[in-house]
Amino acid sequence: MMSSESVPLTLPPNKECGEQEEVWSGDSEHEEEVWCGPSSKDCDEIETIEDGKEETENCEHKVEEPKVGMTFDTSDEAYLYYLKYANQKGFAVAKRSSRKGRDGNVRHVGFECCRAGKARVRTSNPVKPRPQTKIECPAHVNVVIHPDGKWRLSHVVLKHNHEQSPAKARYFKSNRVLDEHVKRKLELNDQAGIRVYKTYDSLQIEAGGPDKLPFLKKDCRNHLDKVRRL
């Protein structure tokens with residue numbers, strides 16, 4: 001029978017942090033478990049790496065600020081770009097104006113904040129006026145077509161005269177879009193007798209949450225109502 005003196009006092013140190021090391025005193029009645037967890041320095045490094053990843057992801061999705069001279073292949077591409085920028089900043093967009101050239105083709109297009117323009121009083125009761133969204137906000141951009149066929153930003157005004165709400169941007173009508181895949185899924189599920197709210201729930205689970213969807217449940221209902229009327 002092996003004596004306690006032949007048993008090594010300690011086991012070789014474990015280099016991998018996070019696992020348990022057992023220290024033996026030679027007496028089986030006195031056992032102690034030592035936990036080697038990650039140090040505060042390691043935790044700080046991990047948090048720094050995670051924060052760096054989040055910052056990188058945010059930079060990748062960040063839309064560049066409009067500048068005079070930016071070029072686009074079409075006016076629709078310029079409009080979609082301004083929509084993304086508005087969604088990031090927290091305001092809605094409306095098409096401001098368009099002008100045609102002598103050839104009858106559109107040569108100039110303007111996009112503006114939806115709160116631009118003067119308010120129109122549309123109630124007959126002056127005691128209870130309706131809330132107005134038009135407050136003459138000056139923010140807008142203009143794009144013109146050049147001889148090379150490219151559309152360029154010719155005028156940019158970024159300043160708003162009201163607060164912007166990035167957290168509420170997804171509720172603005174101009175920022176809510178149903179792509180063809182979503183429309184097709186809604187129509188097929190409706191034909192199969194699946195309720196709209198169930199389809200919407202599956203879409204938000206697939207996207208990772210309702211805040212990840214570029215549309216609301218009522219947009220799904222409105223689309224199906226439109227299809228049924230055809």
Side-chain angles (χ1 to χ4, degrees), residues 47-101 105-120 131-183 203-204 206-219:
E47 291 178 357
T48 303
I49 294 172
E50 292 178 351
D51 293 341
K53 289 181 178 180
E54 291 179 358
E55 291 179 359
T56 303
E57 291 177 355
N58 292 335
C59 291
E60 291 177 353
H61 293 87
K62 188 175 181 179
V63 181
E64 184 181 357
E65 190 175 82
K67 296 181 180 64
V68 173
M70 294 179 69
T71 60
F72 305 90
D73 292 331
T74 63
S75 61
D76 290 336
E77 183 181 331
Y79 178 65
L80 291 176
Y81 156 76
Y82 196 52
L83 275 180
K84 291 180 180 178
Y85 172 76
N87 189 26
Q88 173 181 285
K89 292 296 182 179
F91 66 95
V93 176
K95 291 187 177 181
R96 181 182 185 184
S97 61
S98 62
R99 290 200 299 266
K100 295 182 179 180
N105 296 325
V106 176
R107 314 291 299 180
H108 173 281
V109 181
F111 311 120
E112 64 184 5
C113 173
C114 70
R115 307 199 72 176
K118 294 183 179 181
R120 297 179 181 179
Q132 301 294 332
T133 59
K134 303 293 184 179
I135 56 175
E136 300 186 64
C137 180
H140 70 278
V141 297
N142 295 337
V143 289
V144 296
I145 190 170
H146 282 242
D148 60 358
K150 297 287 186 179
W151 289 80
R152 288 183 174 84
L153 287 181
S154 61
H155 189 67
V156 176
V157 177
L158 300 178
K159 185 178 180 180
H160 296 258
N161 62 357
H162 58 90
E163 293 184 359
Q164 302 168 59
S165 306
K168 298 180 180 179
R170 63 184 297 265
Y171 298 106
F172 299 146
K173 187 176 181 180
S174 60
N175 295 336
R176 303 200 312 261
V177 181
L178 290 175
D179 59 29
E180 294 301 323
H181 167 72
V182 174
K183 290 179 180 179
L203 289 171
Q204 71 176 9
E206 181 180 351
D211 57 322
K212 303 296 183 181
L213 293 177
F215 53 85
L216 304 177
K217 188 183 296 184
K218 69 177 183 179
D219 298 319

I'd like a table of donor-acceptor pairs (distance under 3.5 Å, sequence neighbours excluded) in which one partner is a side-chain atom from residues 137-151, with atom names and distances.
unit_1: His140; atom_1: ND1; unit_2: Arg96; atom_2: NH1; d: 3.4
unit_1: His140; atom_1: ND1; unit_2: Pro138; atom_2: O; d: 2.8
unit_1: His140; atom_1: NE2; unit_2: Arg96; atom_2: NH1; d: 2.9
unit_1: Asp148; atom_1: OD1; unit_2: Lys150; atom_2: N; d: 3.0
unit_1: Asp148; atom_1: OD1; unit_2: Arg152; atom_2: NH1; d: 3.4
unit_1: Asp148; atom_1: OD2; unit_2: Arg152; atom_2: NH1; d: 3.4
unit_1: Asp148; atom_1: OD2; unit_2: Arg152; atom_2: NH2; d: 3.1
unit_1: Lys150; atom_1: NZ; unit_2: Asp73; atom_2: OD1; d: 2.5

For [X], does the [atom1] atom have more than 12 heavy-atom neighbours from other residues, nucleotides or ligands under 6.0 Å away?
X	atom1	value
Lys217	NZ	yes
Lys67	NZ	yes
Lys212	NZ	no

Can you give me the closest heavy-atom contact between [X] and [Y], atom names plus distance?
X	Y	value
Cys114	Lys134	O-NZ, 2.9 Å
Leu203	Val182	CD1-CG1, 3.9 Å
Leu158	Glu65	CD1-CD, 3.3 Å
Glu64	Tyr85	O-CD1, 4.0 Å
Pro210	Gln204	CB-OE1, 3.3 Å

Output the distance between atom [atom1] ([X]) and atom [atom2] ([Y]), rounded to the nearest 0.5 Å.
X	Y	atom1	atom2	answer
Lys218	Arg176	NZ	CZ	5.0 Å
Tyr79	Thr74	OH	OG1	13.0 Å
Lys95	Tyr82	NZ	OH	14.0 Å

Inset, instruction - Please work out which of the three classes, parallel, tilted or perpendicular, describes the rings of His160 and His162, given edges at 30° and 60°. - result: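 Perpendicular, since the angle between the ring planes exceeds 60°.
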Inset, instruction - Please answer whether the main-chain N or O of Val63 pairs with a side-chain N or O of Tyr81 as donor and acceptor at a distance below 3.5 Å. - result: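 No; judged by distance alone, with no hydrogens or angles, the pair does not exist.
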Legend entry - Side-chain donor/acceptor of Asp219 to backbone N/O of Leu178, under 3.5 Å: no
Legend entry - Heavy-atom side-chain contact between Ser97 and His108 under 4.5 Å: yes
Legend entry - Non-hydrogen side-chain atoms of Leu153 and Pro66 separated by less than 4.5 Å: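 Heavy-atom side-chain distance check passes, below 4.5 Å.
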